[in-house]
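Excluded from the calculations below are hydrogen atoms, water molecules and symmetry mates; all remaining heavy atoms, backbone and side chain alike, are included. Just so it is clear, the model here is predicted, and its values are computed rather than measured.
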Amino acid sequence: MTEIYEERRAQMFPKLDDAQIARVAPHAERRPMRAGEILFEQGSTNPGMYVLLSGELEVVRPGLAGEDPIVVHTAGDFTGEASVLSGRRSLVRGRVRKDGEVLYLDPPALRRVVQGDAELSDIFMRAFILRRMGLLAHGQGDAVLIGSTHSAATLRLQEFFTRNGHPYTYLDVERDDTLQGVFDRFHVTAADVPVVICRGEQVLKNPSNEEVAECFGLNRVSDPALLRDVVVVGAGPAGLAAAVYGASEGLDVLVLETIAPGGQAGMSSKIENYLGFPTGISGEALGARAFAQAEKFGAEVAITRCAARFVCDGKRGYEVGLTDGSVVHARSIVIASGVQYRKLPLPELTRYEGVGIYYGATHLEAQLCGTDEAIVVGGANSAGQAAVFLSSGGRHVHVLVRGKGLAETMSKYLIQRLEENPHVTIRTQTEIVGLEGDGRLERVRWRGPDGTVETHPIKHVFLMTGAEPHTHWLNGCVALDAKGFVKTGTDLTSEDLGAHWPLPRSPFLLETNRHGVFAVGDVRSGSMKRVASAVGEGSVCIGLVHRTLTE
């Protein structure tokens, strides 16, 4: 974090010159400010952005031990970080130190500036992203997580905060000797962990992701009754691409996401075959950048707003019923709900999920492994990327594959890296048949190609085995193939179309058997399971959405 502040401070906290301020002014409201005045408070919604014309404004983060200073703004500086475009709750407090004057831009006005002025867009967006990176690195947010490395729920919450780019302070009951004061202050005990403290006020004991999102304002839908141009279900690469292109072309876009932007790709430690990133990019970083783009253009993204049912004969276009009982309405739908890794058919599997069994290989899981040996199960690129990443820490990684080899399912460059890596052993025609441990995983039994069962003292297993589509919520509204993936375009038969298809033309390439309902990315039958392909489908889909909206 120190390097970010020192090397990129000029980009984090740039000063606007007179000409740039003059271009901001027509979109802003001119306001006086007085010493001691709070311009924005931690937890306030729609804080907007302030450009200082004169005076001083200090930005601090209220924490359990008092205020943490972040920066003091003077003339030419501007406030805000990544949350300012989305209108989400402020993570920090802004207090006037010296009388002065400011230009205030609410989120819609700020969005008009970043969409219409290329130079200011670069300045603002770069600063907002870097400032959020700084808050993340220092844990300077409005959340405190008290947990334990032996708690699966703790890992779930850490992943939720991290993948959503929400800064939090982590306190571990096994390592932090000062926790008793926090326990006494908030009337909790070690038996309650994991505990989330929201803005130093609300205490959540072992909360669900939905409860956390609600407390921190991540899942607000501005107007559920509004008839949207398009509702995108899923914020993986395909869904985010649809959101970016749809919003940038003037459509009213709402994105519903169950966990975090990035989808399954967001759990990848490094993607090296995505066009434009020769040194690779993590799935988390790619998802965060795409999410920032979507919000820049005005797409609304609601986290933990889960699609529970699809009503394809609604009175106001299509309807998506959510798990909280609410309903959103749209003229068109983009199904980008993705897939999940298939679970091993072991009765004891759920007992060790989060405490030895993992479905993603990020820095959080790698820290839990330490220098211990690990197993990666799977033969696709995601498994290869995970094995390469985990072995880079010096630990030995066993790659277990049910088939006779990797050539048919994994990219050549990954196979070569695995084969040449002394810290990786590829075990073909091998599968896990048993898991053992007291409270957490301690031993794994696998059966090799000769049928022999071996027991190994391995405590960490990463499962990346096949994929099952998230299509349970569609309620028979669209045609699915035999494996549950959504059929589109030329894959649809006359039987699939039946009485559902109202037009003389055939469905478009990515269109389902319902007019104006599209499927993109991994959830689509016959799709190429690659990030670049998903992004391409999401962007192409919007052109087809435009055409259906005019029919």
### Task
Write down the atom of Lys529, the atom of Asp522, and the distance for their closest heavy-atom approach.
NZ-O, 2.8 Å
### Query
Under 30°, 30 to 60°, or over 60°: which ring-plane class applies to Tyr358 and His460, parallel, tilted or perpendicular?
parallel
### Message
Please determine whether a side-chain nitrogen of the Lys or Arg among Asp496 and Lys487 lies less than 4.0 Å from a carboxylate oxygen of the Asp or Glu.
### Response
yes
### Message
Among residues at least two apart in sequence or on other chains, which ones pass disulfide bond (SG atoms under 2.5 Å apart) with Cys312?
### Response
Cys477
### Query
Partners of Gln115 by side-chain hydrogen bond (donor to acceptor under 3.5 Å, both in side chains), sequence neighbours excluded?
none
### Query
How would you list, by chain and number, every residue that makes a side-chain hydrogen bond (donor to acceptor under 3.5 Å, both in side chains) with Glu468, sequence neighbours excluded?
none
### Query
Residues in salt bridge (Lys or Arg N to Asp or Glu O under 4.0 Å) with Glu284, at least two apart?
none
### Message
For Tyr274 and Phe277, take the angle between the two ring planes, folded into 0 to 90°, and tell me which bin it lands in: parallel under 30, tilted 30 to 60, perpendicular over 60.
### Response
parallel
### Query
With sequence neighbours left out, which residue pairs that include part of residues 485-507 fulfil the ring pair (Phe, Tyr, Trp, His ring centres under 6.0 Å) condition?
none
### Message
Taking ring-ring contact (aromatic ring centres under 6.0 Å, His included) as the definition, give me every residue that meets it alongside Phe124, ordered by chain and number, with sequence neighbours left out.
### Response
Phe78
### Message
Check whether Ser248 reaches the backbone of Val244 with its side chain - one donor and one acceptor, N or O, closer than 3.5 Å.
### Response
yes
## Note on the structure
Rounded to the nearest 0.5 angstrom, the CD-CZ distance for Glu319 and Arg309 is 7.0 Å
### Query
Just checking, any donor-acceptor pair under 3.5 angstrom between side chains of Ser269 and Gln385?
no
### Query
Minimum heavy-atom separation for Asn421 to Ser391, with atom names?
ND2-OG, 2.9 Å
### Message
Looking at Arg547, I'd like to know if its CZ atom is crowded, meaning that more than 12 non-hydrogen atoms belonging to other residues, nucleotides or ligands lie closer than 6.0 Å.
### Response
no
### Query
Would you call Arg331 and Asp229 a salt bridge, using N to O less than 4.0 angstrom?
yes
### Summary
Residues pairing under ring pair (Phe, Tyr, Trp, His ring centres under 6.0 Å) where one sits in residues 317-344, two or more places apart or in two chains, turn out to be Phe310-Tyr318
## Note on the structure
Residues passing the ring-ring contact (aromatic ring centres under 6.0 Å, His included) test with Tyr352, sequence neighbours excluded, are none
For residues 403-410, which side-chain donor-acceptor pairs fall under 3.5 Å, sequence neighbours excluded?
| from | atom 1 | to | atom 2 | distance (Å) |
| --- | --- | --- | --- | --- |
| Thr409 | OG1 | Gly379 | O | 2.6 |
| Thr409 | OG1 | Leu406 | O | 3.4 |

### Asn209 and Thr304: side chain donor to acceptor below 3.5 Å
no
#### Entry: Residue Leu503 excluded, over 12 heavy atoms near CG under 6.0 Å
yes
### Summary
For Glu495, the salt bridge (Lys or Arg N to Asp or Glu O under 4.0 Å) test, sequence neighbours excluded, returns none
### Task
Might you work through the side-chain contact (heavy atoms from CB on, under 4.5 Å) test for Phe40 and Thr79, ending with a clear yes or no?
CA-CA 10 Å; Phe40 49 90; Thr79 65; 4.0 Å; yes
### Task
Please name all residues satisfying salt bridge (Lys or Arg N to Asp or Glu O under 4.0 Å) with Glu272, sequence neighbours left out, ordered by chain then number.
Arg417
### Summary
Scanning both residues in full, the closest heavy-atom pair of Gly378 with Val399 reads O-CG1, 3.8 Å
### Message
Could you check whether Arg220 pairs with Glu214 (Lys NZ or Arg NE/NH1/NH2 to Asp/Glu carboxylate O, under 4.0 Å)?
### Response
no
### Task
Among residues two or more places apart or on two chains, list those pairs meeting ring pair (Phe, Tyr, Trp, His ring centres under 6.0 Å) that have a residue in residues 214-242.
Phe161-Phe216, His166-Phe216
### Message
Is it the case that the side chains of Ser83 and Glu81 hold a donor-acceptor pair, with the cut-off being a distance below 3.5 Å and no angle test?
### Response
yes
